[in-house]
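Reviewing the structure listed below.
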Amino acid sequence: MPELPEVETIRRDLAPRLQGRTIRQSDAHWSAKFTPATAIDHYRFVDLTRRGKFLIASVEPELARSGDGPMELVVHLGMTGRLQLHSDHAGVDLDHPHLRAWWLLDDGHTLTFHDIRRFGRIHVVPPGQYQAMPTLHHLGPEPFDPNLDSRLFHRLLSRSRRHLKTNLLSQRPIAGVGNIYADEALWMAKINPKIRRLGLERSERLLVAIQEVLALGIDNRGTTLRDYRTADGGTGSNQFTLTTYGRGGQVCLRCNYLLDSVVLDGRTTTWCPSCQAR
DNA sequence: CGGGGTTCCTGGCCGC
DNA sequence: TGCGGCCAGGAACCCC
């Protein structure tokens, strides 16, 4: 599943290659989740940023006409979404069953969005107008925001009494943490995923752990377990560093106790009952 | 407004 | 071998 490190890897690869390019032509799958992709023909890519797991491309009209202003193309990859840039439009299979949208650029390259399970989404909105995307609208701070310290993180976590891991996955206390990196960070911080409140000290440990596992994930160009690919079709290598996610029933790498795995609030959750005891 | 439950999807896997 | 059934999983959506 693409989480912050996967989306950031794609962003870094695509940003310099999209900047300044104008969309000549586009098409999208019939679903309303993807049709907005075709709303920005003849717009130029100005910038490519990221908030949490959302990729945000700033675009402006190629020819400024009255009533046209800058827009944002917002892409969420869902579970199985892939964004790839192809140098040869003729080589792109426009009838591929998983192709959900494509954009032909003025340099002949084609940006494609494939998504097997159709959990991804594409929006085109005026800059900052995120009401149609509640999670983005209420998104917590970026994990590497210099204004985010343990006191602020503690305050944001304290707004909900749901299980700590469920709280993290809501994207409200902090942006970009999904199931994989949540399990990894909680293990690193030695915190039980089922607790409902935590003090300043554990908030600090958790924040540092989240920053560490995300930074490692970015360094490794993401975690490729099945579907995730980089913008050039390559795989990440962070799957080889995972300590917790997907390791239920195997030994804890810290204490040799057997990792337990349960479904917590609908999400598979793996943790060490010994060193992440309540 | 927070929280709980449901839905969207389809490939992969399990069991008979 | 073939096939029905089941499941993962982020976020929107609905309702209380």
Side-chain angles (χ1 to χ4, degrees), chain A residues 1-10 28-36 50-56 73-83 95-101 113-125 129-140 142-143 155-186 193-197 210 214 217 222-229 235 239 242 244-249 260-271:
Chain A
M1 312 127 254
E3 304 179 28
L4 186 149
E6 290 73 33
V7 178
E8 177 62 15
T9 299
I10 291 168
H29 181 271
W30 52 265
S31 167
K33 292 177 177 180
F34 310 113
T35 50
R50 178 192 55 71
R51 276 287 281 131
K53 308 175 197 173
F54 294 82
L55 260 183
I56 303 175
L73 168 68
V74 182
V75 178
H76 194 292
L77 300 176
M79 304 246 336
T80 57
R82 290 183 188 178
L83 273 175
D95 295 320
H96 192 283
H98 300 150
L99 183 64
R100 308 306 180 195
F113 181 64
H114 288 81
D115 184 10
I116 297 172
R117 294 190 188 173
R118 291 200 249 158
F119 275 25
R121 277 165 189 267
I122 296 172
H123 285 84
V124 171
V125 297
Q129 300 297 300
Y130 302 142
Q131 297 88 340
M133 297 164 276
T135 302
L136 179 55
H137 192 58
H138 300 288
L139 193 61
E142 284 296 312
R155 180 150 35 96
L156 294 170
L157 285 170
S158 301
R159 287 182 181 176
S160 167
R161 283 287 121 86
R162 307 183 75 182
H163 293 122
L164 172 59
K165 183 185 171 185
T166 308
N167 197 6
L168 287 175
L169 294 185
S170 77
Q171 307 299 303
R172 284 182 175 232
I174 195 164
V177 177
N179 210 21
I180 296 174
Y181 296 94
D183 278 0
E184 295 296 301
L186 288 165
K194 287 181 78 170
I195 64 171
R196 293 178 184 270
R197 50 189 308 172
I210 287 171
L214 294 180
T223 302
T224 299
L225 294 173
R226 172 161 292 163
D227 299 297
Y228 163 69
R229 292 293 183 282
T235 58
Q239 61 276 19
L242 298 182
T244 315
Y245 179 86
R247 294 195 65 246
D260 203 352
S261 195
V262 298
V263 175
L264 176 64
D265 298 331
R267 295 290 170 262
T268 303
T269 296
T270 303
W271 84 101

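Convention: sequence-line order gives letters A, B, ...; per-chain numbering from 1. Below, each value reflects all heavy atoms present in this structure, side chains not excepted, and no hydrogens, waters or symmetry copies.
Using a 4.0 Å heavy-atom distance criterion, A:Tyr245 is classed as a sugar-phosphate-only contact. Contact annotation for A:Met1: backbone-only contact, meaning every heavy-atom pair under 4.0 Å involves sugar-phosphate atoms and none involves a base. No engagement by A:Arg159 is indicated, since no non-hydrogen atom pair under 4.0 Å with the nucleic acid exists. Within 4.0 Å of A:Thr80, counting heavy atoms only, lies no atom of the nucleic acid at all.
Residue A:Arg162 places at least one side-chain N or O closer than 4.0 Å to OP1 or OP2 of B:dG4. For the OP1/OP2 pair of B:dG11 and a distance below 4.0 Å, the side-chain nitrogens and oxygens of A:His98 include at least one atom meeting the criterion.
Between the P atom of B:dG11 and the NE2 atom of A:His96 lies a distance of 10 Å, rounded to the nearest Å. Atom CG of A:Asn167 is separated from atom P of B:dG2 by 11 Å (rounded to the nearest Å). Distance A:Leu99 CG to B:dT10 P: 14 Å, rounded to the nearest Å. What separates CG of A:Leu156 from C1' of B:dG2 is a distance of 16 Å, to the nearest Å. Atom CZ of A:Arg118 and atom P of B:dG11 are 10 Å apart (whole Å). A:Asp227 places its CG atom 13 Å from the P atom of B:dT10, with the value rounded to the nearest Å. The CD1-C1' distance, from A:Ile116 to B:dC13, rounds to 15 Å in whole Å. Summarising the geometry, the separation between CZ on A:Phe34 and P on B:dC8 is reported as 14 Å, rounded to the nearest angstrom.
The closest donor-acceptor contact from the side chain of A:Arg82 to the backbone of A:Asp227 lies under 3.5 Å. A donor-acceptor contact shorter than 3.5 Å links the side chain of A:Gln171 to the backbone of A:Leu169.
Shown are A:Glu6, A:Arg226, A:Met79; of these, the side chain to side chain contact (heavy atoms under 4.5 Å, CB included) with A:Met1 is made only by A:Met79.
Distance from the side chain of A:Phe119 is smallest for B:dC8 among the nucleotides B:dC13, B:dG11, B:dC8.
The NE2 atom of A:His98 sits 5.0 Å away from the CD1 atom of A:Ile116 when rounded to the nearest 0.5 Å.
Here the closest non-hydrogen pair linking A:Leu139 and A:Gly52 is CD2-N, 3.9 Å.
For an aromatic pair to be called close, the ring centres must be under 6.0 Å apart, and A:His29 with A:Phe34 satisfies this.
The residue among A:Arg226 and A:Lys33 whose nearest nucleotide of DNA chain B is located toward the 5' end is A:Lys33. Projected onto DNA chain C by closest heavy-atom contact, A:Gly266 and A:Arg121 fall at different nucleotides, the more 5' of which corresponds to A:Gly266.
The outermost nucleotides of DNA chain C lying under 4.0 Å from heavy atoms of chain A, listed 5' to 3', are C:dA8 to C:dA12.
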> A:His114 and A:Arg100: side chain to side chain contact (heavy atoms under 4.5 Å, CB included), yes or no, with the steps?
Replying inline: CA-CA 5 Å; A:His114 288 81; A:Arg100 308 306 180 195; over 6 Å; no
